**Student:** 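Below is one structure. I have some questions about it.
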Amino acid sequence: MTFAIAGSRQRFVRRALGRSVRGALMVALAILGSAAAAAQNLVLNGDFHTDPVGWDLLLGTQLLWTDLTEEGGCAASGSGLVPSELATGVHRAAISQCIRLHDEPNIFARVRHQGYGTFTLRLDFRTALNCAAGVLTWATTTQVQDPVSWQTLLLSAVPPSNANGVIVTLRAEDGDPHGMLVDGVSVTSRWPIFLDGFDGNDPEENTPCRWGS
């Protein structure tokens, strides 16, 4: 009788522990799922996989797509390239994209870039969904470029309560003609640690690329 009671208790403990572990796993998965959703990239074609669709040319001779270089070393992807034009005594290249907001409490922007001179990442908040009207606040940050290595530029901002859109502008300036290379652009409501490929490729990884096959 004593052994039967002891065995029953052991089975009860194992079942209770099993339910506890399963419950903890479900909570953890729910948290990760929520974080991943919050880190969804709002930018259209931020990785320039096969073309520059989704971006508008502001300054420069043309907006091109190239597979000669890619910030993550992905053989099946590419990057955006803008040859500069002379404007007010400086050679400039710039592209932009209007992004619709969905009541995000914070905005975190990230871009990879390469080239000469200085590079600027700017966020302009608008009341209009299409960013055509309603100028509100803005945020900007600048970094000296490297012509042979990809660099990362980060920027965060708090959207005004009446902001419905934000213009993301990428701009490079130099005293001589140059080409602006951009890739890996993301705009999220949290730092994009849950975005696919945020930690980069492994050294031997080519196919599939970190952003997908």
Side-chain angles (χ1 to χ4, degrees), residues 30-59 63 65 70-72 74 76-82 93-114 119-143 150-172 180-201 209-213:
I31 292 174
L32 288 174
S34 175
Q40 179 182 2
N41 192 1
L42 302 177
V43 172
L44 175 64
N45 194 22
D47 288 303
F48 297 90
H49 292 333
T50 58
D51 53 50
V53 169
W55 294 92
D56 297 316
L57 179 65
L58 298 180
L59 291 168
L63 172 54
W65 178 85
E70 203 276 335
E71 64 91 13
C74 294
S77 185
S79 56
L81 170 62
V82 181
I95 60 175
S96 69
Q97 182 176 142
C98 173
I99 297 174
R100 183 172 180 174
L101 297 178
H102 306 86
D103 298 321
E104 287 82 4
N106 299 283
I107 286 295
F108 300 96
R110 173 183 180 267
V111 59
R112 297 274 285 167
H113 64 95
Q114 180 179 329
F119 182 85
T120 299
L121 168 60
R122 180 178 172 121
L123 301 173
D124 287 275
F125 294 99
R126 299 286 190 266
T127 58
L129 293 172
N130 63 356
C131 305
V135 177
L136 296 172
T137 61
W138 56 273
T140 185
T141 184
T142 301
Q143 184 178 47
W150 288 95
Q151 295 173 282
T152 302
L153 190 57
L154 303 172
L155 177 63
S156 63
V158 177
S161 59
N162 56 338
N164 294 298
V166 59
I167 302 173
V168 180
T169 302
L170 313 176
R171 185 178 74 246
M180 178 181 73
L181 281 166
V182 291
D183 203 359
V185 188
S186 66
V187 173
T188 62
S189 60
R190 295 183 185 177
W191 287 119
I193 59 173
F194 292 100
L195 283 179
D196 181 31
F198 179 79
D199 56 347
N201 281 342
C209 289
R210 57 179 174 76
W211 48 263
S213 58

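This structure is a prediction, so every number in the text was calculated from the model and none was measured.
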**Student:** Could you tell me whether a side-chain N or O of Gln97 sits under 3.5 Å from a main-chain N or O of Leu44, the two making a donor and an acceptor?
**Tutor:**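 Indeed, once roles are kept as given, a pair shorter than 3.5 Å links the two residues.
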**Student:** Looking only at the side chains, is there a donor atom on one of Arg110 and Ser186 sitting less than 3.5 Å from an acceptor on the other?
**Tutor:**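 Not at all, the side chains of Arg110 and Ser186 share no donor-acceptor pair under 3.5 Å.
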**Student:** So which heavy atom on Ser156 is nearest to which on Phe108, and how close?
**Tutor:** CB-CD2, 3.5 Å
**Student:** Is there a side-chain contact (heavy atoms from CB on, under 4.5 Å) between Leu136 and Thr127 once you walk through the steps?
**Tutor:** CA-CA 7 Å; Leu136 296 172; Thr127 58; 3.7 Å; yes
**Student:** Determine whether Val185 and Phe48 make a side-chain contact, defined as any pair of heavy atoms from C-beta on separated by less than 4.5 Å.
**Tutor:**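 Answer yes - side chains close enough.
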**Student:** If I take atom CG from residue Leu155 and atom OG1 from residue Thr120, how far apart are they, to the nearest 0.5 angstrom?
**Tutor:** 10.5 Å
**Student:** Would you check, one step at a time, whether the test side-chain contact (heavy atoms from CB on, under 4.5 Å) holds for Leu181 with Trp150?
**Tutor:** CA-CA 9 Å; Leu181 281 166; Trp150 288 95; 3.9 Å; yes
**Student:** Please examine the side chains of Leu153 and Phe119, heavy atoms only from C-beta on, and report whether any two atoms are closer than 4.5 Å.
**Tutor:** yes
**Student:** Does the side chain of Trp138 come within less than 4.5 Å of Leu123's, by heavy atoms?
**Tutor:**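 No, too far: nothing below the 4.5 Å cut-off.
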**Student:** Tell me whether Asn130 at atom CG has more than 12 heavy atoms from other residues, nucleotides or ligands lying less than 6.0 Å away.
**Tutor:**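 Check passes, neighbour count above 12.
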**Student:** With side chains defined as the heavy atoms from C-beta onward, is the minimum distance between Leu121 and Thr140 less than 4.5 Å?
**Tutor:** no
**Student:** Taking side chain as C-beta onward, heavy atoms only, is Trp65 less than 4.5 Å from Ser79?
**Tutor:**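 They are not in side-chain contact.
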**Student:** Kindly compute the distance separating CG (Leu42) from NE2 (His102), expressed to the nearest 0.5 Å.
**Tutor:** 7.0 Å
**Student:** Among all residues two or more places apart in sequence or in another chain, which pass the side-chain hydrogen bond (donor to acceptor under 3.5 Å, both in side chains) test with Asp51?
**Tutor:**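 side-chain hydrogen bond (donor to acceptor under 3.5 Å, both in side chains) list for Asp51, sorted by chain: Asn45.
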**Student:** What are the two closest heavy atoms between Thr137 and Pro160, and how far apart are they?
**Tutor:** OG1-CG, 3.3 Å
**Student:** When rounded to the nearest 0.5 angstrom, what is the spacing between CG in Asp56 and CD1 in Ile95?
**Tutor:** 9.0 Å
**Student:** Distance check, rounded to the nearest 0.5 Å: Leu81 atom CG versus Gln114 atom CD?
**Tutor:** 10.5 Å
**Student:** Of Val187, Ile107, Asn164, Leu129, which meets side chain to side chain contact (heavy atoms under 4.5 Å, CB included) against Leu101?
**Tutor:** Ile107
**Student:** Between Asn106 and Ser189, is there a side-chain heavy-atom distance shorter than 4.5 Å?
**Tutor:**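 With C-beta onward as the side chain, the pair stays apart.
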**Student:** To the nearest 0.5 Å, tell me how far Asn162 CG sits from Arg126 CZ.
**Tutor:** 12.0 Å
**Student:** Looking at CE of Met180 and CG of Leu63, how far apart are the two atoms once the value is rounded to the nearest 0.5 Å?
**Tutor:**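 Output value for this atom pair is 8.0 Å.
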**Student:** Would you name the heavy atoms of Pro159 and Pro105 that are closest together and state the gap between them?
**Tutor:** CD-O, 3.5 Å
**Student:** Would you say that Ile167 contacts Phe125 through its side chain, given a criterion of any heavy-atom pair below 4.5 Å between the two side chains?
**Tutor:**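 Answer no - side chains too far apart.
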**Student:** Considering only heavy atoms from C-beta outward, does the side chain of Val82 approach that of Leu170 to under 4.5 Å?
**Tutor:**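 Sidechains of Leu170 and Val82: no contact.
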